[in-house]
Every structure is written in structure tokens, then in C-alpha cells.
Amino acid sequence: MPVDFSGTWNLVSNDNFEGYMVALGIDFATRKIAKMLKPQKVIKQDGDSFHIHTTSTFRDYSLQFKIGEEFEEDNKGLDNRKCKSLVTWENDKLVCVQSGEKKNRGWTHWLEGDDLHLELRCENQVCKQVFKRA
Ligand code: VLP
């Protein structure tokens, strides 16, 4: 049985989001707002098809993909840089590589107990987020 990330998840911790945003070139005013947010993720998983909605009082971001199928990602409302993204399984972890202008860009999702974990990477910065079921 594959892991099922489906559900509604609320952010409970957000380590080094600031460093990650600086690496992405997010301006000071936007970072000030963004770091106060407690985003919610709604994940719909159907086999190897995913829909991840990240919502907040400031901005929302929606992502749809299939495992192993590279797609163009626009990062609209985030840093707005286009990249080629590819999500694969590494054991029970969902690993995304975002190839483009920024080196070492990507993220990893996994479940630990009943928590959802997310590591966001850009250049030499790593942000670690933990979510609990709503
Ligand atoms: C931009 C960087 C904050 C900060 C300004 C806007 C959307 C994995 C993946 C699926 C993400 C979330 C990336 C957050 C980058 C913020 C607006 C915050 C709410 O999630 O779940 O896309 O990459």
C-alpha cells in the first residue's frame, strides 16, 4: 500500500522560511507578511496523481502533477520563476526537483506519525515545515 498524503493539513512549525525566501529573492515587505502566515495544505492523492493546494490569508498556490511526469511550473505568486519540475517516489517520500535558474531547488514531503513534513530547498537554504491534520 503506497503512502496516502490526502487530507487537510495546518502548519504548526516553519524553520528557516526566512532563509528560503531570501534565497528565492522574495522582497523584504513580502517576506514580512509571508513569515506571519499559517498556511493550510489540502492534498488530494489518487494513485500517482496529486493536487496540492496551499492556501493562506495572503496568497494561494495550487500544484497538480503525476509522479514521473516532468511539467512546467510557473510559481505564480511565489517567486514567479518558471522551472521544470519532476516529482518521484524515494521510498515513501515524495521528492520534487525544480530545475531552472535557482540551483538545488526542490522539496520533499513525507509522513511521520500523523504529521506531514515538508522540506523546501533553494541554493544553500533549507526550510523545514511541519503540518498537523485539521
Ligand atoms: C514565497 C515563497 C507566500 C513567499 C511569498 C508568498 C502559498 C509542496 C509545495 C507545493 C510549496 C510552498 C512554497 C511556499 C514558498 C513561499 C505565500 C505562502 C502561501 O509547496 O507542498 O507547491 O512549494
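When a ligand or atom number is given, it counts from 1 through the structure's own listing order.
- Not a single heavy atom of Cys96 sits less than 4.0 Å from an atom of ligand 1.
- Atom 10 (C) of ligand 1 has its closest protein heavy atom at Leu63 CD2, 3.6 Å.
- The closest protein non-hydrogen atom to atom 18 (C) of ligand 1 is Leu37 CD1, 4.1 Å.
- In this structure, Trp107 and His109 have perpendicular ring planes: the angle between them is above 60°, well past the 30° mark.
- Here the heavy atom of the protein found nearest to atom 8 (C) of ligand 1 is His109 NE2, 3.3 Å.
- Asp60 places a side-chain N or O within 3.5 Å of a backbone atom of Ser56 that can act as its donor or acceptor partner.
- Nearest protein heavy-atom contact of atom 23 (O) of ligand 1 is Leu120 CD2, 3.7 Å.
- Every atom of ligand 1 is numbered from 1 in the order shown, and the set under 4.0 Å from a heavy atom of Gly77 is 6 (C).
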Practice problem: Could you walk me through whether Phe131 and Asn10 pass the side-chain contact (heavy atoms from CB on, under 4.5 Å) test, one step at a time? | Solution: CA-CA 5 Å; Phe131 297 79; Asn10 291 329; 5.6 Å; no
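- For atom 19 (C) of ligand 1, the nearest protein heavy atom (residue, atom name, distance) is Arg59 O, 3.6 Å.
- Counting only distance, with no hydrogens or angles, the side chain of Arg133 and the backbone of Leu116 share no donor-acceptor pair below 3.5 Å.
- Of all atoms in ligand 1, numbered sequentially from 1 with element shown, those under 4.0 Å from a heavy atom of Phe17 are 16 (C).
- In this structure, of Phe50, Phe65, Trp9, Tyr20, the residue bringing a heavy atom nearest to atom 15 (C) of ligand 1 is Tyr20.
- Remark: ligand 1 and Glu73 share no N or O pair separated by less than 3.5 Å (distance only, no angle test).
- A donor-acceptor contact closer than 3.5 angstrom links the side chains of Asp27 and Thr30.
- For ligand 1, none of its N or O atoms has an N or O atom of Tyr61 under 3.5 Å away.
- At the shortest separation from atom 2 (C) of ligand 1 among protein heavy atoms lies Leu24 CD1, 4.0 Å.
- Looking only at distances, no side-chain donor or acceptor of Asp15 sits under 3.5 Å from a matching main-chain atom of Cys127.
- The protein heavy atom nearest to atom 5 (C) of ligand 1 is Thr30 CG2, 3.9 Å.
- Between Trp110 and His117, the two ring planes are parallel [angle under 30°; tilted spans 30° to 60°].
- By the 4.0 Å N-to-carboxylate-O rule, Lys128 lies too far from Glu119 to be salt-bridged with it.
- Asp4 places a side-chain N or O within 3.5 Å of a backbone atom of Ser6 that can act as its donor or acceptor partner.
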Practice problem: Report the C-alpha separation of Leu24 and Arg105 in whole Å, then their side-chain angles, then the decisive distance to 0.1 Å, and conclude whether the side-chain contact (heavy atoms from CB on, under 4.5 Å) test is met. | Solution: CA-CA 9 Å; Leu24 278 180; Arg105 182 174 184 170; 3.5 Å; yes
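- Under a 4.0 Å heavy-atom criterion, Arg31 is not in contact with ligand 1.
- When only non-hydrogen protein atoms are considered, atom 4 (C) of ligand 1 lies nearest to Met21 SD, 3.7 Å.
- Every atom of ligand 1 is numbered from 1 in the order shown, and the set under 4.0 Å from a heavy atom of Ile52 is 21 (O).
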